[in-house]
Amino acid sequence: MLIVQKYGGTSVANLERIKKVAEKIINYKKQGHDLVVVVSAMAGETDRLINLAKQITEEPPLRELDLLVSTGEQVSSSLLAITLHSLGFPAKALLGYQIPIYTTNLFTKAKIKDIKVNKIKNELYKGNIVVVAGFQGVTDKGDITTLGRGGSDTTAVALAAALKADLCEIYTDVEGVYTADPRIVSKARKLKKISYEEMLEMASSGAKVLEMRSVELAMIYKVPLVVRSSFSDAEGTLITEEDEEMEKVVVSGITYNRNEARISIYGVPDRPGIAASIFGPIGEKGIIVDMIIQTTHPDGKADITFTVPRTDYKQAVKIIKEVAKKLKAERVEGDEHIAKVSIIGAGMRTHSGVATKMFETLAKHGINIMMISTSEIKISCVIDEKYTELAVRALHEAFNLEEEIPIKEEIIKKVN
Ligand code: ASP
Ligand code: MG
């Protein structure tokens, strides 16, 4: 088999751990597999580098910043290749531009456009283990780029797709994807498998195991993806296409996100073009709006409430205050201390009553819901940040997630 493996920052945090990783890789090699191994920078290194640049200036030129932070993966990939050599297994480390992995020129957030696989294939053919520096690429013009934080996951999945690998394994510091954050819910259960779509919703609503873009790519190219621990041999979680079994499970996971803030603009005229004039200026600044709710009043006025990343909150409020003045809106209000709690499950497509169950559970615990949004397989509620843990635990229990197959008939009546 051709296997692409990715080892995260904690897995290569020091020489001892790099040796452990090398031994894991060698085990696979001995079984006759071809291996392409993607690594992150040693734990904390990317932060350290960004911090160095920020000590010089708050806004370092992004091209130079990418050149700087990409060195983290240069160090870890070469150290791993050297370790493999020292253990008697020939390995070759390759940087993004050496492969090349071509990206767009949006520095610090570049997207992979194309991967040339010949060089990697040649090295594999010669019997080498190929080690790839994650998180980085190169533009057509030869400038080094990075893919955004957590981007090594994307490097791994993109390589697996380009090489048509049989398997892509993401080795990390947890044993897989859990029904909820095990640090909050002690009864959280490791999932054996989960669909791409569910994983995508989980990643986008707060689960940190996998970077979102990597799941998107895996889904598009149907890359069989496994998340597992680099510190144990425990079976991980398989992320794959939805099957009948998954549809039977109404709720597969519960996530939370404390990185958003709420902004409300009250008393705007209720007429065409208003939403555009509110969200236009925000979008122009590259601020991503997540949830939006509009309520209209009989007097021809409307209130609009939406959420933005907490890091963009101050800037967004400033913009909205200006817009409010122009629109003669009544007032602008905001709240930085909110949390979004979401339940995700492929079975929601075919089962009713899930939302009610969620709302009832929150109500029972005295938790007020500020905003609600839904997709086909996800329901999210914005609540006061201080109730995050309580909400996640209560929902985990209400939907019986600690049990392998939730006894859903009891909870929810099946449609049809
Ligand atoms: N080293 C990069 C980061 O810390 C990329 C990664 O770890 O995936 O974000
Ligand atoms: Mg990561």
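Counting starts at 1 for both ligands and their atoms, following the listed order.
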Could you establish whether [X] and ligand 1 come within less than 4.0 Å of each other, counting only heavy atoms on the residue side?
X	result
Glu73	yes
Gly9	no
Gly72	no

Cut-off 3.5 Å, side chains only: do Glu216 and Tyr221 have a donor facing an acceptor?
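No, because no side-chain N or O of Glu216 sits under 3.5 Å from a partner of the opposite role on Tyr221.
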Look only at the side chain of Asp290 and the backbone of Val308, and say whether a donor-acceptor pair between them is shorter than 3.5 Å.
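Not at all, since once roles are kept as given, no pair shorter than 3.5 Å links the two residues.
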Is the shortest distance from a Lys or Arg side-chain nitrogen in Glu197 or Arg349 to a carboxylate oxygen in the other one below 4.0 Å?
yes
Does this structure show an ion pair linking Lys19 with Glu16, if we count only N-O contacts that are shorter than 4.0 Å?
no
Run down the list Ala156, Ser152, Ser76 and name the one with the heavy atom closest to atom 6 (C) of ligand 1.
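Selected option, by shortest heavy-atom distance: Ser152.
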Do Tyr171 and Phe231 have their ring centres less than 6.0 Å from each other?
no
Can you name the atoms of ligand 1, numbered from 1 with element, that are less than 4.0 Å from a heavy atom of [X]?
X	answer
Ser40	6 (C), 7 (O), 8 (O)
Gly150	3 (C), 5 (C), 6 (C), 8 (O), 9 (O)
Arg149	3 (C), 4 (O), 9 (O)

Min N/O separation Thr46 to ligand 1 under 3.5 Å:
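Right, the criterion is met.
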Gap separating the OH atom of Tyr7 from the CD atom of Glu169, nearest 0.5 angstrom
7.0 Å
